[in-house]
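The structure appears below as C-alpha cells.
Keep in mind that the numbers below use all heavy atoms, side chains included, and drop hydrogens, waters and symmetry copies. A, B, ... follow the sequence lines: proteins, then strands. Residue 1 opens every chain.
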Amino acid sequence: AQSVTQPDIHITVSEGASLELRCNYSYGATPYLFWYVQSPGQGLQLLLKYFSGDTLVQGIKGFEAEFKRSQSSFNLRKPSVHWSDAAEYFCAVGPQGGSEKLVFGKGTKLTVNP
Amino acid sequence: KAGVTQTPRYLIKTRGQQVTLSCSPISGHRSVSWYQQTPGQGLQFLFEYFSETQRNKGNFPGRFSGRQFSNSRSEMNVSTLELGDSALYLCASSQTGDETQYFGPGTRLLVL
C-alpha cells in the first residue's frame, strides 16, 4: 500500500530564512504528488503538484518542489519565508489511473519567528 | 469559479445521534471525495463519488455513508455518532481527466 512520510512534525524558522520540508513516499509506480497547506480552522489549499515531466515544479506563494525518483522524495522549498507562511503543510500521493484517493502524510507544522 | 463549499461549517451533536454534511463541488467537477481529519489519525479517505456512484471507499465502518446527486452535489451521513467521530470533515472535488483535488473549508463536527 502506498504511504507518505513527513519526518518533521514541527519546524521553526526565522522570517527571511530558507525552508525545506521533507516528504518521502512509498508507491509501486510513479505517483501523482501534491503539496497542500492548511491554515488553522481552514481547508486544504493546493500549493503545487507533480504529474510528469520537469522534476522541479513551481507553485503558488513562491514555493517549489523537486521530485527525485531515486530517493522517492518530493521536498518542498521556499527561498525566503514570510510570517504568513506559518501553517501546516501536507504532502500527498495519488495513484495514476483515475482512482481519486489521496494518501496524506501526517503533516509538518511550520512556525515562523519574527 | 466558486470553490468547493461545505455546509454547515460547524456542528455539535450528542452520542447516538446522526448527522448529514453537504458538499457542493466546483462547477463542472463530477468527482467528489470525502476525508476525515483528526489530530491522532491525520487525514483519512472516506469515499469518492463519480456520476452518482461510489467509486472508491476507505476503511471506515458502515455508519459512514454518502451519496451524490445528479448535479454532483454530495452528502455524507454518519449514524449513531460516537465521541471518536469528532473531526474536521473535508470534501474535495476534481475534474474528469485531472487528478488534482480541490478542497472545501470543511465541516467541524463535535460529538458530546
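More than 12 heavy-atom neighbours from other residues, nucleotides or ligands sit within 6.0 angstrom of CZ on A:Arg77. Around NZ of B:Lys57, the count of heavy atoms belonging to other residues, nucleotides or ligands within 6.0 Å exceeds 12.
Shown here for A:Leu102 and B:Phe45, the closest heavy-atom pair between the two residues is O-CB, 4.3 Å. Taking every heavy atom of both residues into account, A:Phe34 and B:Thr100 meet most closely at CE2-CA, 3.9 Å.
Residues B:Tyr49 and B:Tyr102 are members of separate hydrophobic clusters, defined by side-chain heavy-atom contacts under 4.5 angstrom among Ile, Leu, Val, Met, Phe, Trp and Tyr. Under the 4.5 Å side-chain heavy-atom criterion for Ile, Leu, Val, Met, Phe, Trp and Tyr, A:Phe63 and A:Ile60 are members of the same hydrophobic cluster. Neither B:Met76 nor B:Tyr10 shares a network with the other; the hydrophobic side chains, linked directly or stepwise wherever heavy atoms of I, L, V, M, F, W or Y lie under 4.5 Å apart, form separate groups for each. A continuous path of ILVMFWY side-chain contacts below 4.5 Å connects A:Val57 to A:Val37, so both sit in one hydrophobic cluster. Linking ILVMFWY side-chain heavy atoms closer than 4.5 Å, directly or via other members, places A:Val112 and A:Leu47 in a single hydrophobic cluster.
Contact residues of residues 103-112 of chain B toward chain A are B:Phe103, B:Gly104, B:Pro105 (heavy-atom distance under 4.5 Å).
Of the two parts of A:Leu44, the backbone and the side chain both hold a non-hydrogen atom closer than 4.5 Å to a non-hydrogen atom of chain B. Neither the backbone nor the side chain of A:Gln45 comes within less than 4.5 Å of any heavy atom of chain B. If you measure heavy-atom distances from B:Gln6 to chain A, you find no contacts under 4.5 Å at all.
Within the 4.5 Å cutoff, side-chain heavy atoms of B:Asp98 are placed close to those of A:Lys49.
Top candidate by heavy-atom pairs under 4.5 Å with chain A, chosen from B:Leu43, B:Leu90, B:Thr96, B:Leu88, is B:Leu43.
Applying the disulfide (SG to SG under 2.5 Å) definition to pairs two or more places apart or across chains, those involving residues 3-106 of chain B are B:Cys23-B:Cys91.
Aromatic pair A:Phe104/B:Tyr35: centroids less than 6.0 angstrom apart.
In terms of modelled atom types and a separation under 3.5 Å, the side chain of A:Lys106 and the main chain of B:Gln41 share a donor-acceptor contact.
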### Query
Step by step, would you call B:Gln101 with A:Tyr32 a side chain to side chain contact (heavy atoms under 4.5 Å, CB included)?
CA-CA 11 Å; B:Gln101 295 193 21; A:Tyr32 292 155; over 6 Å; no
